[in-house]
K.L.:
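Got a structure here, written out as structure tokens. Questions coming.
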Number of protein chains: 2
Amino acid sequence: MSITETPTGYVKTVGEVAAEAGVAPSAVRFYEQHGVIRAERTSGDQRRFDDSAACRIKVAKVAQRVGLTVREIADVFAGFPQEPSCEDWGRVAETLIAEAEARTAALRGYLAEISSGAKLCEI
Amino acid sequence: MSITETPTGYVKTVGEVAAEAGVAPSAVRFYEQHGVIRAERTSGDQRRFDDSAACRIKVAKVAQRVGLTVREIADVFAGFPQEPSCEDWGRVAETLIAEAEARTAALRGYLAEISSGAKLCEI
DNA sequence: CTCGCCCTTCAACATATGTTGAAGTCAAGG
DNA sequence: CCTTGACTTCAACATATGTTGAAGGGCGAG
């Protein structure tokens, strides 16, 4: 009785997700291998992604720009539902922004220490 | 008439700078190769760094955490005086913080777009 | 002047983040 | 059914960021 066909929307191919996310197909496979996105397989062993895949990849690219590794990004998405709600995205957003701000704060703190001539600026 | 001996304070060895900055000597050589720090050479071809070297490296490490590449960090230090004043450090600080905040803003903007259900969150 | 530690270069290795190409398979349109 | 384009895996390559080890040389203390 359970619906086993298209239980969720795993319908997009590698190429479609790649085009949507603005990256190469090889990058899509890379992100899947590293847990940033998830895929089901067709009977012919081809990957099928849901709609959130391209979105996750775009988030990953922006998060990489603030210094998060692919591993760290995958961790943020761990336990993320297949079909995320806007609230789910909101939680991810908070986590990523908090991390970015923590790193910026570390930078700012260290730079303040130096440029105020604290101890490192004994030049 | 010009003073050619110890024109500036290039007196620290690779190992000293490494210990001061908390990195491996190999990393110090790496940063010099990539323009983050500068060295003079002794007659015996050994590197000698000034006091700002360890400081630059520490800044570089923190800047890397917010996503800047070594190349980008070297660019920030391009044209930086050998013997930087606190104002010089202040300018570097402003540049780095501005870049970090720009990247965080990009992350924030993209995430806001998604989690508000704008167009990407048509899940 | 010699001893030992730190320095030198260079090549190989290691990890992260991908890209490219070869060889073969799948799937959708005619 | 058959062609064709997109898919598969796997290995090699590429760049960034370093580390490690070998072979040899400098420099300061005794």
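Labels below follow one simple rule: chain letters A, B, ... track the order of the sequence lines, proteins then strands, and each chain is numbered from 1.
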K.L.:
Between V66(A) and V62(A), is a side-chain contact (heavy atoms from CB on, under 4.5 Å) present by the stated rule, with each step listed?
P.N.:
CA-CA 7 Å; V66(A) 295; V62(A) 184; 6.0 Å; no
K.L.:
Establish, with yes or no, whether the OP1 or OP2 oxygen of dC7(C) is under 4.0 angstrom from a side-chain nitrogen or oxygen of T13(B).
P.N.:
yes
K.L.:
Summarise how protein sits on nucleotides 15-20 of chain D as a single string, 5' to 3': B when a protein heavy atom is under 4.0 Å from the base, S for sugar-phosphate-only contact, - for no contact.
P.N.:
--BBBB
K.L.:
Under the side-chain contact (heavy atoms from CB on, under 4.5 Å) criterion, do V70(B) and F30(B) qualify, and how do the steps go?
P.N.:
CA-CA 10 Å; V70(B) 167; F30(B) 178 84; 4.1 Å; yes
K.L.:
Is it the case that the side chain of R56(A) and the backbone of V36(A) share a donor-acceptor pair, with hydrogens and angles ignored and the cut-off at 3.5 Å?
P.N.:
yes
K.L.:
Using the 3.5 Å cut-off, write out each protein N or O paired with an N or O of nucleotides 26-30 of chain D and the distance between them.
P.N.:
from	atom 1	to	atom 2	distance (Å)
dC27(D)	OP1	T42(B)	OG1	3.0

K.L.:
Using only heavy-atom distances, determine whether the side chains of K61(A) and Y31(A) contain a donor-acceptor pair under 3.5 Å.
P.N.:
yes
K.L.:
Before giving the answer on salt bridge (charged side-chain N to carboxylate O under 4.0 Å, His left out), spell out for E101(B) and R108(A) the whole-Å C-alpha distance, their side-chain angles and the decisive distance to 0.1 Å.
P.N.:
CA-CA 10 Å; E101(B) 301 211 314; R108(A) 192 194 306 278; 2.5 Å; yes
K.L.:
Name all residues meeting the salt bridge (charged side-chain N to carboxylate O under 4.0 Å, His left out) criterion together with R47(A); count only those two or more places apart in sequence or in a different chain, and write none if there are none.
P.N.:
E32(A)
K.L.:
Are any side-chain N or O atoms of E94(A) and backbone N or O atoms of R91(A), one a donor and one an acceptor, separated by less than 3.5 Å?
P.N.:
no
K.L.:
Check V14(A) against P25(A) and note the closest heavy-atom contact, atom names and distance.
P.N.:
CG1-CB, 3.6 Å
K.L.:
Between dC7(C) and R47(B), is there an OP1 or OP2 to side-chain N/O distance shorter than 4.0 Å?
P.N.:
no
